Student: 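The structure under discussion is supplied below as structure tokens; questions concerning it will follow.
Since we're looking at a predicted model, the values are computed, not measured. In what follows, every chain begins at residue 1, and chains take the letters A, B, ... in the order their sequences are listed.
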There are 2 protein chains.
Amino acid sequence: MAAAIADPVRREILVMLRDQRLPAGEIADRFVISRPAVSRHLRVLRESGLVRDTLVGRQRFYELDASRFADLIEWLDQFARATSWERRLDALETEVYRTRRERRRRDTAEQRQEKTA
Amino acid sequence: MAAAIADPVRREILVMLRDQRLPAGEIADRFVISRPAVSRHLRVLRESGLVRDTLVGRQRFYELDASRFADLIEWLDQFARATSWERRLDALETEVYRTRRERRRRDTAEQRQEKTA
DNA sequence: CGAATGCGTAACACGGTGGTTACGCTTTCC
DNA sequence: GGAAAGCGTAACCACCGTGTTACGCATTCG
């Protein structure tokens, strides 16, 4: 989902849809790039959940899904509220640093792989 | 800046730094990928402004910059608060971008479909 | 019914991104 | 001073994402 807002074209589409729903053709008309290119951007947004589509006749209307943005904001909020490092005992962190490195060099790689997989 | 959080490795780095600063080596040790690869991810994060670095001896400590996340959240907030399209006169809103002929066709199609739906 | 419209998909080209190894520059330790 | 440690950069390569054109399918219009 975070990757969906990485592209400037998709971000512009989101702005277009901020306070109105629009059919695919009209969105594409506002860009210099070809209509199929926009169509695929719309698919990415659709699959990310940030927008939802509704078929109306032979048109496909796109609209925002505000709840998905709320999810993104919630995720980002943990970093905006991050405690500054000065308030932490990183002196202790540094002290244990060398020891932890030694331990990790032995056993971390495979564990890390399994966790994320 | 939005592109910086598009990569899963970079997102994991941000989580690592959420409540403690860390030297580059320790960050790299927690990944299966090579240290130079992590080093470049750190550079992307640095240039995006999401993290700041401090040289301490021969180590380079990384820490979050909460204010940049606040900027991101602020940008996303306009979409989370987006009014639903039903409450808007989007026909009027989009008048400028459409010829009268195109608009007439869209609206009639929409009416027919939604009556039966 | 046949033509036009709206929009998505397929196939392809290409530049950017992310991986690797090799290397160099500081800083620290003995 | 010389070796080791910490970390970034360079060069290279594979792949993915985004652009294009050609095409197909459904819906609407005359």
Student: Suppose we screen for side chain to side chain contact (heavy atoms under 4.5 Å, CB included). Which residues come up paired with A/Ala66, at least two apart in sequence or across chains?
Tutor: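 Checked A/Ala66 against side chain to side chain contact (heavy atoms under 4.5 Å, CB included); zero matches.
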Student: From CG of A/Leu22 over to P of C/dC7, roughly how many Å is that when rounded to an integer?
Tutor: 11 Å
Student: Measure the distance from CD on A/Glu47 to C1' on C/dT9 and round it to the nearest whole Å.
Tutor: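 Computing the A/Glu47:CD to C/dT9:C1' distance gives 13 Å.
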Student: Taking atom types as they are modelled, would you say the side chain of B/Arg58 forms a donor-acceptor pair with the base of C/dT26 within the 3.5 Å cutoff?
Tutor: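 Looking at the base of C/dT26, it does not pair with any donor or acceptor on the side chain of B/Arg58 (distance under 3.5 Å).
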Student: Residues two or more places apart in sequence or in another chain: which of them pass side chain to side chain contact (heavy atoms under 4.5 Å, CB included) with A/Glu47?
Tutor: A/Arg43
Student: Could you tell me the separation between the CZ atom of B/Arg60 and the P atom of C/dT26, rounded to a whole number of Å?
Tutor: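 One finds 13 Å between P of C/dT26 and CZ of B/Arg60, rounded.
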Student: How long is the line joining CD1 of A/Ile27 and P of C/dG8, in whole Å?
Tutor: 9 Å
Student: Using side-chain hydrogen bond (donor to acceptor under 3.5 Å, both in side chains) as the criterion, point out the one residue from B/Arg52, B/Arg21, B/Arg46 that pairs with B/Tyr62.
Tutor: B/Arg46
Student: Which pairs with one or both residues in residues 66-77 of chain A pass salt bridge (Lys or Arg N to Asp or Glu O under 4.0 Å), sequence neighbours excluded?
Tutor: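 Listed once each, the pairs are A/Arg68-A/Asp71, A/Asp77-A/Arg81.
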Student: A/Gln59 CD to D/dC29 P: how many Å, rounded?
Tutor: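 In whole Å, D/dC29 P and A/Gln59 CD are 11 Å from each other.
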Student: From CG of B/Leu55 over to P of C/dC25, roughly how many Å is that when rounded to an integer?
Tutor: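 These atoms are roughly 17 Å apart.
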Student: OP1 or OP2 of D/dG8 sitting under 4.0 Å from any side-chain N/O of B/Arg43?
Tutor: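 Indeed not, no polar side-chain atom of B/Arg43 lies that close.
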Student: Write down the distance between CZ (A/Arg11) and P (D/dT18), rounded to a whole number of angstrom.
Tutor: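 So the two atoms are 11 Å apart, to the nearest Å.
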Student: Within this structure, what is the CD1-to-P distance between A/Ile13 and D/dT18, rounded to whole angstrom?
Tutor: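 Going from CD1 in A/Ile13 over to P in D/dT18 covers 11 Å.
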Student: Heavy atom of residues 31-42 of chain A under 4.0 Å from DNA chain D: which residues?
Tutor: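 Going residue by residue through residues 31-42 of chain A, the ones with a heavy atom under 4.0 Å of DNA chain D turn out to be A/Ile33, A/Ser34, A/Pro36, A/Ala37, A/Arg40, A/His41.
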Student: Decide whether B/Val44 and B/Ile13 are clustered together by the hydrophobic rule: side chain heavy atoms of Ile, Leu, Val, Met, Phe, Trp, Tyr closer than 4.5 Å, transitively.
Tutor: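 No, B/Val44 and B/Ile13 fall in different hydrophobic clusters.
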Student: Side chain to side chain contact (heavy atoms under 4.5 Å, CB included) with A/Leu72: which residues, sequence neighbours excluded?
Tutor: A/Met1, A/Ile5, B/Leu76
Student: If the cut-off is 4.0 Å, is A/Tyr62 near the phosphate of C/dG6, judged by side-chain N/O to OP1 or OP2?
Tutor: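 So the side chain of A/Tyr62 is outside the cut-off, no N or O lying under 4.0 Å from OP1 or OP2 of C/dG6.
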Student: Please list, chain by chain and in numerical order, all residues satisfying side chain to side chain contact (heavy atoms under 4.5 Å, CB included) with B/Ala37, sequence neighbours excluded.
Tutor: B/Ile33, B/Ser34
